[in-house]
Structure formats: structure tokens, C-alpha cells
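Structure, as C-alpha cells:
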Amino acid sequence: MTTPTIVLVGHGMVGQRFLEALADRGVTERARIVVLCEEPRPAYDRVQLTSYFSGKTPDDLSMVEAGFMERHGIELYVGDPAEAIDREARTVTARSGRVVAYDTLVLATGSYPFVPPVPGKDAQGCFVYRTIEDLLAIEEYAKTATTGAVVGGGLLGLEAAGALKGLGLDTHVVEFAPRLMPVQVDEGGGAALLRTIEKMGLTVHTGTGTQEVVTADGAVTGMRLSDGSELATDMVVFSAGVRPRDQLARDCGLEVGERGGIAVDELCRTSDPAVFAIGECALASDGRVYGLVAPGYEMAQTAASVIADEEAGDGFTGADMSTKLKLLGVDVASFGDAHGTAEGCLDVVYSDSRAGVYKKLVVSADGVLLGGVLVGDAEQYGLLRPLTGTVPPVSPEQLVLPAGAGAPVALGPSALPDDAVICSCHNVTKHEIGRCTSLPEVKRCTKAGTGCGSCVKVIEKLLPAPADQGLCGCFSYTRSELYEIARTLRLTSFAALLDSHGREEARGGEGCEVCKPTVGSILASLNNGYILDGEQASLQDTNDHFLANLQRNGSYSVVPRIPGGEITPDKLIVIGEVARDFGLYTKITGGQRIDLFGARVDQLPSIWTRLVDAGFESGHAYGKALRTVKSCVGQTWCRYGVQDSVQMAIRLELRYRGLRAPHKLKSAVSGCARECAEAQSKDFGIIATANGWNLYVGGNGGATPRHADLLAQDLSDAELVRLIDRFLMFYIRTADRLERTSTWLERLEGGLDHLRDVVVHDSLGLCDELEALMAAHVADYRDEWAQTLDDPERLRRFVSFVNAPGAPDPSVRFVPERDQIKPDLTILTIGTLEGATSR
């Protein structure tokens, strides 16, 4: 028997889902799979395409699990699209000249952007918004542009507009229909969306089309609109809808629809039984071309089942077109019969134009929920969509009214029937989710929550309550709960907190290695006192205990703060002299500081004295606190700079120095979009724009690197500082012990959207309190090195041996290397002087 060959043409989201479905059914073990991909990279998440402008990399967007192709023996050829199909010979010819014979051919060629046939559409400065390569080109061209216009006010059009605004351009949206998003929302929803978007500084032109792209010397200079007006712009992005890519099918004689699309039956077979079509290129048996990913996934499953000789049920007979998105920070959702086309249907509407909220439910005369539109507040989408087609357990009015405005009943996931589809991307029901015990298990076993992500909140509410989340065996409370207890009750000691709120069996004890440093950090962040006074000293780990970093041979490193990396020659000379006189190893770090290694504990006060006298202070390299705010030289020196990044970096580092947190904090300020300071790899990073500052949060470059997410853009100096104050204090208040901002943000329920609601829009009413906490920190800050030097009692701890305070530790030894020193690791035990007791 010969091994059959399956050729997949196109490797987008639907194509990759098809390959996964083949693998799940064991087809990859008994067939040769060949994939011809036009783009230069494997499948990526096109739904999240715009997140590239918020810091996601192409690799972050990849849909292909590492090693997937190799494990299943799939031959993937990127950058080599199919150019011809010979159905009689059953071969596909690729652009490279490669000819592949097939037994089964699957077309997943997707769609292409529609560009209105107007004069000037091909001028320099005109783009479409479809692929990563499109975004790279837009990003590069925007560096020399000032104004951008997007043709199309639909889903992708508004995402494109948000991207242009984020790149610092004055942005216009031109939509031919009388409202934005005409396919998804009704007139009321479009009006609410328009008001909110215009408040963000975008200019919207509805009810008008593009007649001409005006050019000069081959480049865009403006647009002429159908209402007779002209718009000055030097960049145009077309996002006026898509058309199915069916040219390959037309050329080889397959049946296509009158308005495009490769005609398929319920089993996704084309007019040739050996050829299938799935996704946006396919014209389904109900006469529709589906432009959402969830229907494409259903088609992929259906085709894979047929090819695997499995029962495909009813096949693909249509799909749910419900969708939930966040466009320019605005929640927009529609589901079911959103426009109320059913005969005799009724509308239930709630509208708050001040808050930019619009909700409409469409119900039948007998109370069946038929569909709806949600703008500005789509919190209930995950519950309402599965209820579509049923009579909800509460009245429609209670489903749209906000809390406190006549909505006495909170509808939870428990009200949903077991057969309710929770994840429409992967067609997963409440019953299937109920078999799992955690969100990772749900994603692994059912793939629910791995598509658009709109179902995750509902999934989490359907899962069993988590086990004991207590900090440790001493406390049944989490770190964030202990923070609130200490803050609210104004507790200032570990003993008081343990005795009043510890587990019964732990009260009166001494705590453990988990809770002692955790509570020590909480008390330090709340009281901002000297961390080695009284009981606080016993709570610190080794580094905090000596205000320096312990190294592998028992010596310590000293790291003075150098805000923004800016330093005078005189201060450089002092550092050099200290390093020379004490024989220290020196290294310039990636955080724009100079580390001094090799100091004995008894030498630390003398070293600090020299540094403090020269104007230096502790850089807190030893603490779970702010480390550095890195910067480029900004507009002061750089010809590309648009803001003074050094001044801002110094301002921020001096403001947040000494701020104790659940984990270390790093920051950076870049003076332009070229990002020389690498701000998007920091816990909070700032990038200058022509209009102010963009604030990114939740990044880090540690063991699990993560790009930061864009929290807010085009901020003034005061707005930027205020948002960072709120962000840092909210993180300190709610994060778990030893939790970096990146992990915290991913764990935070609602993620970036919730964070933005809290610290930008003050949804919880906490912002005044968060700002007050930060103000108290700034006002009370004291340098820990200087505080230590001013108190003889505090200095007594800095000795190698408690009963021989003047004696150095003989085990701390060094050997020369590259004109400096390095630890001598031939001594593996800590030595002591005869009769002396080592610390």
C-alpha cells in the first residue's frame, strides 16, 4: 500500500487548526502531509494582530507549538505559495517550481483585503492591514508621517486606527456606512461607540466614501471624499472588508459562488470530491462566506473528520457569528440576531451616553433571547451568548441594567444549561468544562479559552473553588489579604499580625521562612521605616540584613544608585578610588550602574561612608524594590529623540527609590519608538511619542521573558507619573509573594483590561488611596546606607565575628583575573578564627 498524500494550501489559523485535528485523529501517522504557505512565517494569531503594536512579537503570536511539525512529520514550506492546481493529474505547483502530487487537497487560502478602485490607491504611503508584514511596513512608514487615515470603520478598520494613533499619528476613520461597525452593531451601539472613540482624539467621518487618494511625486498627500471634503494625510490604510481568495479554485475549474467563495457542501467538499475548502475562502452550503475564526475552526474539524473516515455528524451547516472584541479600549460585542430581524421581536435597551455604555437585547414575544448588542460594557457577554435561544431565568431588563440600578438578581454561570456552548471558537459546552478542575486543564483537554479568549471569565466561574490559598502554614490569608489587614488595622509588627490573624496553631510562634520576609516587605512598603530596626531585622533575608548582595564566596557587592545612568566625572572618580582602595571588582551593568564586588561585611560601612560623602545612596540591588530606571540619551543628544528621556528616568528613579514590593522592579525610558532603552522588557516602561509618553506594564527579561503591554498612551508628564503611582501601589497591594509584575498581570482576573479599568478609569474607586500611599512613600524616603552610618548601634552588626569585631573573615579570598579579582572557590567551608564566632 502507498502512503496517501494530503496537501494543505494555506497555513493560517484555520489551516493550523486543521493540522491539529488531523494529528488528534492519527492521520499524520498514516499519511504524508504537505503544507504550502504564502507568508514567510508559520500560522499566527491574526485575531490578535494589533497586539504587535502593544509589544507582542511575531513569535508571541505564533499558533504553532514548538516541535509540532517535527513530531507529526508535517512538511511545511513557508514563503512558497501554490500557484496552480492540476485536478486531472492531482498535482499542485508552488511558486518555487515544486510539484506535489496529492490524494486529498485542502484549500485554506483565506481572504484578501478589499481596496476600493479609486485613483491613487497604489501610491507610496498606501497600505492594507492584514499580515504581520503589513504591520511592519506601516510601523516603518509611520516614523516619517504625521497624519493617517483608515478607510473602513469595521473591526479591522478600528484596530488599524488604534494602531496609527499608538504610533503617534493624528488619525482619521472614513466609513461609507452611516455608523461604525455596521455589520455588528445597530444605530444606538454605533452612536455610543462613536462618542467614545471621538473622546480618544480620533476623527470619524461616517456616511462618506473615498473618491481619490491625492498624491504628489508618487506619495500620499491627502484624500478626496464623496461628500466633497478633502482630508490632508500622508498615510492611508485600507481596511474596507475582505474578499475570499478563490483564484486558484477558479483557475482549475472548481465551482465558485456568484459573489466569490469556493462552493462546498456540508462536509466541506468542493465540486471535486478530492478537494476540500475551509475557512474564509469557502462558500458554505447555506450560501455564506464566514469571516470569523470560530466557523473556520468548525470547518477544519469537519474536513478532518471526513478525511479520517470518521463520522462528521451533520457536518458544517452554519455557525454562530457572535463576537466580542476590545477596540481602542472599548468593549464591543454582538450575538445572535443582533439587529432584530425576526418577525415580532422586541428590544430591551439600556443606554448611558455619559459612560459610553449601550446594551440592547432582542427577545421574542414569548421571552426567548434572540440576540443582542453590547458596547462599553460587555461583562455579561459570556453568559448571554450561551443563553441565546432560551428563556433566561430572569427578566431581560435585569440582564442589561447595571448593578445598583434595578438589577437585583446576579445571573451566574450556574444558570446555564449543561449543553450551553461556552467556547464558540472550539464548540465546548458547560458539561465538558465541568469535567475539569483548573483553567490549564480546560485549555489542555478541550482547547476552550485558547481562541479569542472571551469565554475565560465564565470558565473560571464554572471551575471548582481552589484549595487553600493561604500564604503558608502560619497564615490562611494570601499576601494581598495580609497587606489589606496590615494596612487597614495599621499593624506595624509581624508578631501583632501573626497573633491576631495567623492560623490558630501558629499564633505565639516565630513564623517561617516564607511569611517572615513576606510580611517584612509588606510592613516596609506600608511604614517605610528603617528595615533593620527592632523586630524588622529578624524578618529580612541575608541581603536585606546587610543592605548588600551576598556573593558566592561570602563577600558582598555594593551598588550605588545612578539615576538614569547619568553620572558626573567627579562621581566616577570616587567610585574608581573606592574600588581601588578596597580592592573591589568593578562591572558596568545592563541597568546603567557600576557594581563593586568583593567587599567583606566589615568593610561595608567604610565603603558606604566614602560613597555617601560623594553624594551616592543605596541602589537597593539587595532588596525586593526598585532597581533602576534605564534610559537612552533622548532628544537632548539623539537626532531621533522626541522627549527628554534622561530627565524622566531620573525623575522616576528618585520618586520610586526604596519602594518595597513583592519582587524586584525594573524600568526604562526610551526617547523615541526605536526603543534603545528596551522599555518593553521592563516591569514598567515608558516610550516617548510626539504627543507625550506611552506607558507599558508587566514586562520582564528574567527566566520567562515577556513583553510589556500598552496601558495608556500620549500621556503628559503629570499623567504618566500619576498612572505609574497607581500601577505600582495596586501591584504591591494585590500581588503574591515573589511574583513579578509579568506573572501578576497574567494571573490578574481580567488581565490588562481590568488593570486599565482600575488604575486609569478608577473603576474600584481606589485611585485616591493608591496615590496617597505613594505620596507617603515619597515623603518618608530615607537612604538606608546613610541611616546606618548615623547610628553606632546599627553599625555593630557589620562585623565578620561577633566576639572579634575587628578581625576579617579569612575564608573570603580572591585570585587575580583580567587585571581584577575573582572569588577563590578552592575553599569550600566557612572558616573561623580560633575562639571567634562567625555570623
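Side-chain polar atoms of Thr689 and Asp714 form a donor-acceptor pair below 3.5 angstrom. Ser62 and Asp59 share no side-chain donor-acceptor pair at under 3.5 Å. A donor atom on one side chain and an acceptor atom on the other are found under 3.5 Å apart for Asp227 and Ser229. Checking Tyr44 against Glu39 by side-chain atom types alone, a donor-acceptor pair falls below 3.5 Å.
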* **Glu140/Lys143 under salt bridge (Lys or Arg N to Asp or Glu O under 4.0 Å): CA gap, chis, key distance, verdict** => CA-CA 6 Å; Glu140 183 63 28; Lys143 293 175 182 177; 3.1 Å; yes

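Using cut-offs of 30° and 60° on the angle between ring planes, the pair His172 and His205 is parallel.
With respect to Arg95 and Glu83, a salt bridge is recorded, a charged nitrogen being found less than 4.0 Å from a carboxylate O. A salt bridge does not link Asp725 to Arg722: none of the charged side-chain nitrogens sits closer than 4.0 Å to a carboxylate oxygen. Salt bridge status for Glu280 with Arg130: present, with a side-chain N to carboxylate O gap under 4.0 Å.
The distance from atom NE2 of His707 to atom CD of Glu678, rounded to the nearest 0.5 Å, is 9.5 Å. Atom-to-atom distance recorded for Asp762:CG and Glu771:CD is 8.5 Å, nearest 0.5 angstrom.
Between Glu719 and Leu723 there is no side-chain heavy-atom pair separated by less than 4.5 Å. Looking only at side-chain heavy atoms (C-beta outward), Val214 and Leu231 stay at 4.5 Å or farther from each other.
A cation-pi contact, defined as under 6.0 Å to the ring centre and within 45° of the axis, links Arg243 to Phe114.
Checking side-chain atoms of Ser645 against main-chain N and O of Cys632 turns up a donor-acceptor pair under 3.5 Å. Judged by distance alone, with hydrogens and angles left aside, the side-chain atoms of Lys360 form a donor-acceptor pair with the main-chain N or O of Ala338 at under 3.5 Å.
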